[in-house]
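One-based numbering along the sequence shown.
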Amino acid sequence: METAQTKLAVIAIVVEQETSVRDLNELLHGYSRYIIGRMGIPHRERGVSLISVAMDAPADVISGLSGKLGRISGVSAKVAYSKLPG
């Protein structure tokens with residue numbers, strides 16, 4: 001992967017419907033070549049999971065994934081990009 005053409009970013013994901021987890025995981029698996037790390041925190045008392053996904057990918061790939069995540073019922077996603085040149 002050429003770093004000059006890619007961006008570093010983290011996608012913050014909130015999952016409010018457990019039934020959406022399978023679709024979410026399948027989607028993330030499709031982008032696995034761009035994912036450098038992933039951390040999930042289930043908050044069982046509230047029935048919500050918080051997930052962060054670190055990526056090194058072209059900006060259009062990152063925004064495309066974020067948009068697809070947001071179209072899954074019960075899932076919200078926001079992206080934060082690194083300010084490093086790239």
Undergrad: Tell me whether Ile13 is reachable from Leu27 by hopping between hydrophobic residues (I, L, V, M, F, W, Y) whose side-chain heavy atoms are closer than 4.5 Å.
TA: yes

Undergrad: Hey, what do you get for CD1 (Ile36) to CG (Asp56), rounding to the nearest 0.5 Å?
TA: 5.0 Å

Undergrad: With a cutoff of under 4.5 Å between side-chain heavy atoms, which Ile, Leu, Val, Met, Phe, Trp and Tyr residues group with Leu50?
TA: Val14, Val48

Undergrad: To the nearest 0.5 Å, how far apart are CG in Leu24 and CD1 in Ile51?
TA: 5.0 Å

Undergrad: Rounded at 0.5 Å granularity, tell me how far CG in Leu65 sits from CD1 in Ile35.
TA: 6.5 Å

Undergrad: Sub-3.5 Å donor-acceptor pair from the side chain of Ser66 to the main-chain atoms of Ser63, do we have one?
TA: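 Side chain of Ser66 to backbone of Ser63, a donor-acceptor pair under 3.5 Å: no, none is there.
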
Undergrad: Taking atom CD1 of Ile62 and atom CG of Leu8, what is their separation to the nearest 0.5 Å?
TA: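 With rounding to 0.5 Å, CD1 (Ile62) is 7.5 Å from CG (Leu8).
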
Undergrad: In Å, rounded to the nearest 0.5 Å, how long is the span from CD of Glu16 to OG of Ser73?
TA: 10.0 Å

Undergrad: Do you know which two heavy atoms are closest between Tyr34 and Ala57, and how far apart they sit?
TA: CD2-CB, 3.4 Å

Undergrad: Grab the two heavy atoms, one from Pro42 and one from Ser49, that are nearest each other, plus how far apart they are.
TA: CA-OG, 3.8 Å

Undergrad: Look at the side-chain heavy atoms of Ile, Leu, Val, Met, Phe, Trp and Tyr, link any pair under 4.5 Å apart, and say whether Tyr31 and Val53 land in one connected group.
TA: yes

Undergrad: Rounded to the nearest 0.5 Å, how far does CZ of Arg38 lie from CD1 of Ile11?
TA: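 It is 11.0 Å, given to the nearest 0.5 Å.
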
